[in-house]
Each structure stands twice: as structure tokens, then as C-alpha cells.
Amino acid sequence: MLGLPVLHNLDEFGLLSKISKKWIYQFSIHSERYYKEYNIPKKNGKLRAIAQPNKKLKELQYWILVHILEKLKVSESCKGFEKRSSTLDNLIPHKEANTIMVLDLKDFFTSVNAIQVYSIFKSIGYNNLIATVLTNCCTFNGYLPQGGPCSPKLANLSAMKLDLRIQGFVKKRAINFTRYADDLSFSGRYPSKIAKIKPIIKHIIENEGFELNNSKTRIAGISRQKKITGLVISEFNIGIGKQKYKQIRSKIYHLTLDKEQKNIKLIAEIKGWLSYLNSIDKASLTKAKNYILNLSEKNPTKIITHLLDTKDAALLKNKRLEKAY
């Protein structure tokens with residue numbers, strides 16, 4: 001009924017996934033052998049443990065993600081790591097709120113164990129063998145790995161009951177709730193109501209097998225800047241905020257100081273930010289593009305001109321021709 005692939009045994013699994021039965025068996029029995037472990041720094045200076053599957057296992061995990069997991073629905077409150085959903089969708093329900101509270105789940109992926117993953121695959125109709133194999137291929141040392149393609153979707157599915165319980169609790173109190181991965185956001189018109197719900201929310205989180213990261217709890221009232229998943233929210237606007245825009249502007253200006261004209265990495269980074277602004281903050285994008293155009297006009301031989309789109313490059317060229325005549 002869900003349009004999922006019919007799998008009764010490893011032969012059928014191998015035939016549909018185009019990955020040999022031998023490899024699927026190896027991944028299921030000895031999955032830990034096919035991961036590379038390393039750490040990356042967090043914003044707070046601590047290290048985040050990453051377990052990245054090798055090319056072959058990652059190929060199988062992407063097959064599971066596309067053909068099975070992406071066909072499963074998550075809760076309406078879930079906005080992260082889902083198709084046709086973005087950080088902007090996570091903010092829209094909170095746009096007109098006077099008060100916002102943001103909570104953080106500690107070690108979101110590794111809080112989901114193999115038993116919970118197995119339950120997900122069993123609940124959609126797979127037999128014990130296939131549910132076990134799928135679980136083993138998607139978990140590392142008994143938990144969801146930070147770095148596996150299936151981990152975000154499986155974590156969202158595992159947190160569905162958490163979402164529904166919180167949604168049921170806050171809805172009666174006229175409070176909005178969304179979850180973007182491990183970030184839980186609450187908003188409302190009455191500050192006193194928002195502050196009172198935290199103990200109950202904490203109880204629900206712990207009762208569902210997750211843990212609250214108390215150090216990342218933030219409450220912002222009328223007089224404070226309201227920020228959710230890195231974006232600043234006001235009654236009439238959603239955007240990156242003045243501070244982040246100044247940082248992007250500084251990176252753009254740095255390209256006019258590059259004497260060797262080889263800062264391709266910074267060019268790629270700024271293009272990434274421009275693409276992000278295009279989907280999130282059109283007003284800041286317009287300001288950034290105008291700034292790039294003005295600097296390119298003053299520095300026509302600098303690498304900053306690589307940031308110009310076709311329309312702005314043509315506009316700048318016409319300006320130079322007019323000056324020449």
C-alpha cells in the first residue's frame with residue numbers, strides 16, 4: 001500500500017538493489033568494518049564523532065533511503081531533513097509570536113538505537129530477516145551513525161511519537177511547535193505560557209528516550225532577538241540578521257584584497273551563501289548582489305567579478321563601454 005519494494009529474502013534484496021547478496025550479507029554481519037571514524041569540531045569547541053560508511057555501503061544505504069524511507073511520512077511538526085521542507089518552513093509558524101523558546105536534543109542520532117530502527121522496518125511490513133538486515137545496514141555499533149545517509153530520516157521516524165505528544169500538549173495552550181532535527185521550537189503570544197511548559201516538555205522528551213541539552217535552552221521575549229535554526233525572526237520578516245550579513249559582506253570585500261587572485265575556496269563559499277540567501281532572505285540577497293556589483297565596478301581585474309551573474313556581468317560591461325565612449 002505504501003509502494004515499498006517487496007522483500008522476502010536476500011536474493012530479492014540483491015536483485016532489486018543491484019548489490020550482490022554477498023555484499024548485503026557482509027554489511028549486515030560486519031557493518032562496523034565498513035565505516036571510517038573521525039571527529040569534527042562543534043561551535044562550542046567540543047568534538048562531534050562522525051562514522052562515515054564506505055562507498056559500497058553508502059550506495060546500499062542510499063537505495064534504502066530512496067526506495068523505502070523517503071516514502072514514509074513523518075509528523076507535521078517535523079521540518080528538517082525532509083523533501084520539500086526547509087529552515088524557512090521551520091520558522092513560518094513562529095513568525096507572529098511575541099515569545100520563542102528553543103530546546104535542543106542531546107546526541108539526536110545516537111539516541112536512536114538498533115531496536116528502535118528494527119521496529120520501524122517491522123512496522124511497515126518487513127519480516128524478521130529483512131527488518132534485521134535493513135537495521136544492521138543502517139546502524140553502527142547499535143546506533144544511528146552521524147554520517148550515514150539513512151540516519152536523518154530514521155531519526156525523524158523514531159521521533160514521531162515525541163512530536164505527536166508534544167504537539168498534542170501545546171496545541172491546547174495555543175502554542176506553536178516545530179522540530180528541525182534536534183532543534184525544538186515553541187512560540188506564542190503569551191510569554192508566561194511558554195516558560196511554564198518546559199518541565200512538561202522535558203518529561204515527554206525523556207519519556208520518549210531522548211535527552212534535553214539544558215545548556216542550549218533559549219527563551220526570547222518581545223525585547224530580545226528571536227533566533228531559530230540560525231535565522232532571525234520578527235513580526236514582519238525572516239532573515240539572516242544584521243550580524244550574519246556583515247560577516248558575508250566582509251568575505252565579499254576580502255576578494256578585492258586578494259593579490260594573487262587564487263582564492264577559489266572563498267569564491268565557492270560566498271556562492272554557497274548567495275544560493276542560501278536566494279532561498280531564505282531575498283532582501284539580503286539583493287543587498288549582497290548590489291554590493292558585489294559596486295565592488296566589481298571599482299575592481300574590474302579582481303577575482304570578485306567571478307561572483308557576478310550573467311545579467312550583472314552584462315550590466316557592468318555596458319557601463320564600461322559607456323565610459324569608453
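Not measured: the values here are computed from a predicted model.
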Would you say S123's side chain and I120's backbone share a donor-acceptor pair under 3.5 angstrom?
yes
Stepwise side-chain contact (heavy atoms from CB on, under 4.5 Å) check, I201 with F169:
CA-CA 9 Å; I201 299 299; F169 172 72; 3.9 Å; yes
Atom pair CD1/NZ of I100 and K226 - distance to nearest 0.5 Å
6.5 Å
Heavy atoms of other groups near I40 CD1, more than 12 under 6.0 Å
yes
How about Q243 and K246: does a side-chain donor come under 3.5 Å of a side-chain acceptor?
no
Would you indicate whether the side-chain heavy atoms of L184 and D104 approach each other to under 4.5 Å?
no
Checking side chain to side chain donor-acceptor pair (under 3.5 Å) between W63 and each of E59, H67, Q61, which is the one that passes?
H67
Evaluate the side-chain proximity of T217 to V102: yes if any heavy-atom separation is below 4.5 Å, no if none is.
no
CG of N176 to CD1 of I92: how many Å apart, nearest 0.5 Å?
12.0 Å
Exam field: side chain N54 to backbone L57, donor-acceptor pair closer than 3.5 Å:
yes
In a check of ring-ring contact (aromatic ring centres under 6.0 Å, His included) between F27 and each of Y35, F13, Y34, F140, which one passes?
Y34
Residue pair S28 / N136, side-chain donor-acceptor N/O under 3.5 Å
yes
H94 and T178 side chains, donor-acceptor separation under 3.5 Å
yes
With no hydrogens and no angle check, do the side chains of N128 and Y118 hold a donor and an acceptor under 3.5 Å apart?
yes
List the steps, then state whether side chain to side chain donor-acceptor pair (under 3.5 Å) holds for S75 with D163.
CA-CA 7 Å; S75 73; D163 293 341; 2.7 Å; yes
Look at the side chain of S275 and the backbone N and O of K271, then say whether any donor-acceptor pair between them is shorter than 3.5 Å.
no
Identify the two heavy atoms, one from S151 and one from P145, that lie closest to each other, and give their separation to 0.1 Å.
OG-O, 2.6 Å
Do side-chain atoms of K282 reach the backbone of N278 as a donor and acceptor pair under 3.5 angstrom?
yes
Any heavy-atom pair between the side chains of K287 and R249 that's under 4.5 Å?
no
pair D182-F210: side-chain heavy atoms closer than 4.5 Å
no
Among T132, V133, T135, L7, which residue satisfies the side chain to side chain contact (heavy atoms under 4.5 Å, CB included) criterion with Y126?
L7
Would you check if K227 and I233 make a side-chain contact, meaning some heavy-atom pair closer than 4.5 Å?
no
Evaluate side-chain contact (heavy atoms from CB on, under 4.5 Å) for Y143 paired with V112, printing each intermediate quantity in order.
CA-CA 6 Å; Y143 300 91; V112 181; over 6 Å; no
Do I264 and L307 belong together in a cluster built from hydrophobic side chains that touch within less than 4.5 Å?
yes
Between R165 and N207, do the side chains contain an N or O donor and an N or O acceptor separated by less than 3.5 Å?
yes
K122 atom NZ: more than 12 heavy-atom contacts under 6.0 Å:
yes
When you group the ILVMFWY residues by side-chain heavy-atom contacts below 4.5 Å and let the links chain together, are I194 and Y180 in the same group?
no
Can you hop from V232 to L277 via hydrophobic side chains spaced under 4.5 Å?
no
Table please: side-chain donor-acceptor pairs of residues 18-26 below 3.5 Å, with sequence neighbours left out.
unit_1	atom_1	unit_2	atom_2	d
S20	OG	W23	N	3.2

Do the non-hydrogen side-chain atoms of W273 and K244 ever get within less than 4.5 Å of each other?
yes
Near Y253 OH, under 6.0 Å, is it more than 12 heavy atoms from other residues, nucleotides or ligands?
no
With a 4.0 Å cut-off on N to O distance, would you call E269 and K265 a salt bridge?
no
Can you pull the salt bridge (charged side-chain N to carboxylate O under 4.0 Å, His left out) pairs that have at least one residue in residues 24-39, sequence neighbours excluded?
none
Decide, yes or no, whether a salt bridge links K289 with D309 under the criterion of side-chain N to carboxylate O below 4.0 Å.
yes
Residue pair I292, T305: steps toward the side-chain contact (heavy atoms from CB on, under 4.5 Å) verdict:
CA-CA 8 Å; I292 291 167; T305 57; over 6 Å; no
Let me check something: do V117 and L129 share a hydrophobic cluster, defined by ILVMFWY side-chain heavy atoms less than 4.5 Å apart, either directly or through other members?
yes
Kindly indicate, with the supporting measurements, whether the criterion side-chain contact (heavy atoms from CB on, under 4.5 Å) is fulfilled by L255 and I270.
CA-CA 10 Å; L255 292 174; I270 295 172; 3.6 Å; yes
Close side-chain approach of I175 and K193, heavy atoms under 4.5 Å
yes
For the pair N156 (side chain) and V74 (backbone), establish whether a donor and an acceptor sit closer than 3.5 Å, ignoring hydrogens and angles.
no
Start with the C-alpha distance between N90 and R179, add both sets of side-chain angles, then the distance that settles side chain to side chain donor-acceptor pair (under 3.5 Å), and finish with yes or no.
CA-CA 7 Å; N90 189 47; R179 180 178 59 79; over 6 Å; no
Can you hop from I228 to Y245 via hydrophobic side chains spaced under 4.5 Å?
yes
Listed once per pair and sorted, the salt bridge (charged side-chain N to carboxylate O under 4.0 Å, His left out) pairs that draw on residues 63-84, sequence neighbours left out
E70-K83, E82-K153
With side chain to side chain donor-acceptor pair (under 3.5 Å) as the test, would you mind laying out the steps for K298 and N294 before giving the verdict?
CA-CA 6 Å; K298 295 174 183 177; N294 291 333; over 6 Å; no
